[in-house]
Amino acid sequence: MRASLFITCYNDTLFPETGRAVVKLLERLGVELDFHPKQTCCGQMHANTGFRAEAFSQAKRLVQMYQDTDTVVIPSSSCVAMFRDQYPGLLEELGNEELRKQFTALLPRVYELSEFLVDKLKVEDVGAYFPHKVTYHASCHGLRALHLGDRPWRLMNKVRGMEQVALPNLDRCCGFGGTFSVKNAEVSSAMLAVKLQDIVGTGAEYCTALDNSCLMHLGGAMHRQYAGMKTIHLAEILASTEASPMEVPA
Amino acid sequence: MNVHVQPRPRSRQMILERVRAATHSVTKGAGELEDAYAALPRGYVRSGGLSGEARIALMIERLREYGAEVIECGPEQVQAAIAAQLASSGKHTFVVPAGLSAAWLTPGFEWKIDRDLIASEIEQAEGVVTAAFCGVADSGTIVLHHSAAEARRVLTLLPDWHLCVLRARQVVETLPEYFARCEQAPGLATYISGPSATADIEMTRIKGVHGPRLLHVVMVRDE
Amino acid sequence: MSHGSYHPILDPTKAPAFPSAVLPVLRNPQLRKNVAHAIDVIQAKRGKLVAEKTDWQELRTAGAAIRAHALENLGFYLEQFEERCTAAGGVVHWAADAAEARQIIVKLLREENASEVIKIKTMTSAEIQLNPFLESAGVRTYETDLAEIILQLGEDEPSHIVVPALHVNRSQVREIFSRTMGLKDLSDDPKELTNAVRTYLRRKFLDIPTAISGANFLVAETGSVVVVESEGNGRMCLTLPRTMITLAGIEKVLPRFQDLEVMLQVLARSATGERMNPYTSVWTGVKPGDGPQKFHVVLLDNGRSSILAKKTERQTLRCIRCAACMNACPVYRQTGGHAYGSVYPGPIGAILTPQLMELHHARSLPYASSLCGACYEVCPVKINIPEVLLELRSRVVNQGRDQAGRLFDPMYLGLRIASLIFSRAWLFHTAQFFGRVGLRFLRRKDGWIHSLPSIGGKWTQTRDLRGLPSQTFHGWWAARKRETK
């Protein structure tokens with residue numbers, strides 16, 4: 001199986017270890033991975049802030065870049081949600097007919113990481129080993145835009161050595177919201193405080209998710225508050241094995 | 001303050017024009033509109049699947065959840081059931097709509113029959129006895145269409161105690177089944193689902209704000 | 001009532017922008033506790049009752065379709081409503097804007113020689129700021145909904161469209177009632193407080209012959225009006241007075257009576273977490289011998305027809321004012337309703353208020369959301385609020401594009417530059433390099449950044465940022481590829 005990795009702009013810059021984990025994981029599962037060197041950003045930040053023309057130019061770039069690709073894997077729910085929920089509207093409003101056709105053909109081949117594993121590779125046990133206590137944060141985009149459902153749990157349940165602790169108020173937003181976190185910093189922080197209380201209350205060592213954006217927000221506050229907990233993308237847990245444990249982030 | 005009243009008779013035309021321009025509707029033929037309406041998705045549950053017995057049991061359960069007192073009786077015992085409820089109410093003066101069966105007016109109580117009673121007379125009554133149009137089991141709703149036996153709206157509003165006679169064959173399971181029973185839309189209707197209530201103070205549910213605080217139902221098993 | 005140091009302003013033309021309007025609330029732990037408690041109670045009840053409804057999604061689909069159909073054919077249904085209501089003895093008035101609606105109502109009250117009026121809770125009357133206008137025209141208004149009385153007597157403002165006083169707790173209610181009703185021995189037991197209101201209002205209901213209501217629905221087929229309520233104050237106002245004036249937005253029309261079989265099933269469950277609200281009243285014009293013998297309906301446009309004209313935004317008008325969106329909203333849960341600077345708070349307010357104001361005001365409201373999507377998920381008529389928020393954000397940005405001040409807005413500049421950077425991989429990679437080098441100076445020994453300049457400082461108010469790793473992912477990939485070759 002061949003797949004092309006769209007790593008996303010912020011993972012590329014801020015969380016390269018997640019990208020390395022995806023590579024380790026998928027290659028271990030026999031996927032032949034490709035990486036388009038000219039990729040940058042899906043345009044979500046622009047679209048969500050109201051800069052629609054700018055978002056459109058990113059969308060156009062990506063659709064054209066990936067039009068001949070078999071399968072695109074993205075380890076970020078919110079960027080996949082951008083593809084599914086916002087590209088159609090953007091292309092209808094600003095796009096040409098040819099671009100729309102290219103997009104329509106591409107869309108069913110775009111997968112979020114857990115979708116790719118469970119739906120496309122049809123695997124739940126990826127051979128992972130992670131001897132830690134972990135709580136899972138369901139990001140809003142994964143939960144309500146992509147409807148990931150039980151996919152993350154089907155994967156996590158097969159991780160050896162891992163103890164899961166359920167997070168209360170699972171469907172409540174952590175308060176990140178992209179530029180919302182600075183445009184409405186005070187409200188965002190208030191939401192964060194409530195979420196952090198729930199997360200720290202689980203007593204887990206790690207909080208994991210399928211979006212590093214939420215984790216950056218949560219992890220930043222954990223670090224500020226000496227919460228004694230860390231954040232980790234689920235890809236890094238799934239990549240970790242007994243023989244080759246997770247790399248410790250810099 | 002001096003209020004200048006400037007009637008703008010053209011507002012009607014202006015609003016309608018703006019609405020039509022906004023929806024790009026050229027005067028659609030009634031037929032076309034009818035078709036579009038008929039094509040609306042209605043995949044929800046229209047009629048329920050409960051047996052007759054279960055349907056009545058659900059209605060009674062819902063009414064009791066609301067704090068209503070329910071007693072059941074056969075078609076022959078309606079009078080006796082009403083009399084028993086009246087006797088245990090501790091009340092003496094009742095208003096009734098003019099269309100209510102005269103046989104239900106148990107002797108020994110003061111009955112005010114509503115022939116254009118004024119509000120203050122109705123308010124002085126301690127209770128009211130009426131029939132109903134329908135009951136909806138799913139939500140424990142009593143439907144009044146305010147026919148001659150169901151009383152004018154004010155009668156079931158001012159007295160603190162309401163005794164409603166509901167027949168089993170009037171009880172449907174789902175709300176859509178009630179609407180299906182309306183051969184013609186009622187001009188007036190009141191749907192009562194439990195006594196009046198509020199949760200405006202700290203979401204604490206308090207019963208009996210303005211309407212009758214006590215609801216009694218005589219369920220006539222006529223099926 | 002003032003909450004600590006501020007009095008809420010619910011006029012979008014005067015209210016402060018959302019980010020600053022939230023500050024007094026966020027510093028008021030009692031208020032936040034009251035809001036969160038109320039929201040959690042409603043949410044739990046709603047969740048339970050929605051879960052037992054096996055056809056909930058089908059009801060939402062039908063609800064959305066019925067409302068959308070009514071709006072697509074609004075001209076037809078409005079005229080049909082007018083014709084049938086008139087035939088039944090009602091008088092229909094049309095108001096293009098708030099000022100005209102207020103004038104029509106005052107004129108009708110003058111004809112009745114009314115110096116007092118009883119009111120059923122209506123958000124539309126709050127929208128047109130009817131009460132202060134009537135008071136200044138010499139008409140005393142008596143709100144009859146318990147929450148509205150708390151607010152009216154406490155000189156406070158609504159913070160929720162279904163439970164408008166949810167930000168006030170029982171001891172605050174006790175204080176207001178005992179002060180304004182002169183009840184010295186009142187306790188803070190909600191039952192006793194409610195009884196005080198029953199007594200306070202009973203005479204008003206019997207004595208004041210003129211009432212004003214809103215409408216939950218207008219039925220085109222029959223010309224009927226529907227009011228959904230819990231307390232019975234609505235039934236009192238609809239039954240006892242001589243004259244009834246109903247104020248309704250033009251979007252409230254349903255095609256047929258039978259459509260209520262969907263709307264009533266979703267409304268109470270969404271609004272209060274009940275299978276059905278205690279009282280629903282349907283009436284049609286005037287019925288001799290039963291209820292008000294004079295009946296007026298004022299149909300209000302006030303910006304609605306311009307919302308109707310916009311493709312994405314039109315769905316806003318499907319709203320049936322159940323407030324499920326604000327109950328589900330994690331932002332509202334923190335801020336309560338006053339910060340939205342409008343009688344319509346929460347997610348629906350964030351899209352409705354700027355549109356009713358045609359975006360001249362309330363430009364910060366479309367940004368008052370983390371776009372988590374909880375509002376859309378619970379909406380019983382499937383209004384895609386995040387989609388409308390994004391549409392409005394794009395309008396706000398486009399309006400700002402030709403304003404000189406944009407060049408001093410770090411957010412605008414930052415996003416314009418980012419857009420350029422993302423347009424070429426080499427520019428992106430160069431920017432990553434300079435970012436890494438630049439941020440190195442801000443990094444502490446632990447490798448984290450504790451303080452950022454400019455808008456970044458908004459981030460580091462409450463969160464640290466891990467320093468940028470020395471190698472990007474694409475850099476690692478390229479190096480690995482070179483090695484394996």
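Predicted model, so just to flag it, every value in this text is computed and none were measured.
Per-residue heavy-atom pair counts under 4.5 Å with chain A were compared for C:Val22, C:Ile455, C:Thr335, C:Val331, and the maximum is reached by C:Val331. Comparing C:Ala478, C:Ala368, C:Ser369 by how many heavy-atom pairs each has under 4.5 Å with chain A, the most go to C:Ser369. With chain A as partner, the option from C:Leu468, C:Leu390, C:Thr460, C:Leu415 having the largest number of non-hydrogen pairs under 4.5 angstrom is C:Leu415. Note on A:Gln86, A:Met216, A:Lys195, A:Met191: by heavy-atom pairs under 4.5 Å with chain C, the leading option is A:Met191. Top candidate by heavy-atom pairs under 4.5 Å with chain C, chosen from A:Ala47, A:Ser57, A:Ala193, A:Ser189, is A:Ser189. Ranked by heavy-atom pairs shorter than 4.5 Å toward chain C, the options A:Asp85, A:Asn48, A:Leu143 are led by A:Asn48. Heavy-atom pairs under 4.5 Å with chain A were tallied for C:Trp426, C:Phe18, C:Phe473; the largest tally goes to C:Phe473. Options A:His217, A:Glu93, A:Gln225, A:Met222 differ in how many heavy-atom pairs under 4.5 Å they form with chain C, and the most are formed by A:His217. Listed options C:Ala418, C:Gly447, C:Ala425, C:Ser394 were ranked by heavy-atom pairs under 4.5 angstrom with chain A; first place goes to C:Ser394. Counting heavy-atom pairs closer than 4.5 Å to chain A, the top residue among C:Arg416, C:His429, C:Arg436, C:Lys481 is C:Arg416.
In this structure, chain C has no heavy atom under 4.5 Å from any part of A:Thr18. If you measure heavy-atom distances from C:Glu377 to chain A, the contacts under 4.5 Å come from the side chain alone. Only the side chain of C:Leu23 has a heavy atom closer than 4.5 Å to any heavy atom of chain A. Of the atoms belonging to A:Leu192, it is side-chain heavy atoms, and not backbone ones, that fall under 4.5 Å from chain C. With a 4.5 Å cut-off on non-hydrogen atoms, C:Arg395 does not touch chain A at all.
Checked by atom type, the side-chain pair A:Thr179/C:Arg393 shows no donor-acceptor distance below 3.5 Å.
Within the 4.5 Å cutoff, side-chain heavy atoms of A:Val182 are placed close to those of C:Met411. Using a 4.5 Å cut-off on side-chain heavy atoms (C-beta onward), A:Val23 and C:Trp476 make contact. Taking the side chain as every heavy atom from C-beta outward, A:Met45 and C:Phe422 approach each other to under 4.5 Å. Between A:Pro16 and C:Gln471 the shortest side-chain heavy-atom distance does not fall below 4.5 Å. Contact of the C:Trp459 side chain with the A:Ser181 side chain is registered, since non-hydrogen atoms from C-beta on lie closer than 4.5 Å. At a threshold of 4.5 Å between non-hydrogen side-chain atoms, the residues A:Pro37 and C:His474 do not count as touching. In this structure, the side chains of A:Arg172 and C:Arg333 come closer than 4.5 Å at one or more pairs of heavy atoms.
Checked for salt-bridge contact, A:Glu186 and C:Arg27 miss the test: no charged N lies under 4.0 Å from a carboxylate O.
C:Ser423 approaches A:Arg61 most closely through the heavy-atom pair O-NE, 3.2 Å. For A:Leu14 against C:Pro469, the heavy-atom pair with the smallest separation is O-CG, 3.5 Å. For C:Gln461 against A:Ala185, the heavy-atom pair with the smallest separation is OE1-CB, 3.9 Å.
Around atom CD of A:Gln67, more than 12 heavy atoms belonging to other residues, nucleotides or ligands sit under 6.0 Å away. For A:Lys60, the NZ atom counts as loosely surrounded, since its 6.0 Å shell holds 12 or fewer non-hydrogen atoms of other residues, nucleotides or ligands.
In terms of modelled atom types and a separation under 3.5 Å, the side chain of C:Ser370 and the main chain of A:Gly177 share no donor-acceptor contact. Of the possible donor and acceptor atoms, none in the side chain of A:His223 sits under 3.5 Å from a partner among the backbone N and O of C:Leu465. The closest donor-acceptor contact from the side chain of A:Asn184 to the backbone of C:Tyr367 lies under 3.5 Å.
How far CZ of A:Arg224 is from CZ of C:Arg463: 9.5 Å, rounded to the nearest 0.5 Å. We find the NZ-OG distance between A:Lys183 and C:Ser364 to be 9.0 Å, quoted to the nearest 0.5 Å. Interatomic distance, CD of A:Glu54 versus CG of C:Leu420, reported as 10.5 Å (0.5 Å rounding). To the nearest 0.5 angstrom, C:Arg466 atom CZ is 8.0 Å from A:Thr231 atom OG1. The line from NE2 of A:His46 to OG of C:Ser419 is 4.5 Å long, rounded to the nearest 0.5 Å. C:Phe428 contributes atom CZ, which lies 5.5 Å from atom SG of A:Cys9 (distance to the nearest 0.5 angstrom).
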Take C:Arg424 and A:Lys38, measure what side-chain contact (heavy atoms from CB on, under 4.5 Å) needs, and give me the verdict at the end. CA-CA 7 Å; C:Arg424 302 270 186 284; A:Lys38 295 214 160 147; over 6 Å; no
Using the rule given for side-chain contact (heavy atoms from CB on, under 4.5 Å), can you reason through C:Gln432 versus A:Asp12, listing the C-alpha separation, both sets of side-chain angles and the distance that settles it, and then say yes or no? CA-CA 9 Å; C:Gln432 284 175 315; A:Asp12 187 36; 3.0 Å; yes
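Ring pair A:Phe51/C:Tyr412: centre-to-centre distance below 6.0 Å.
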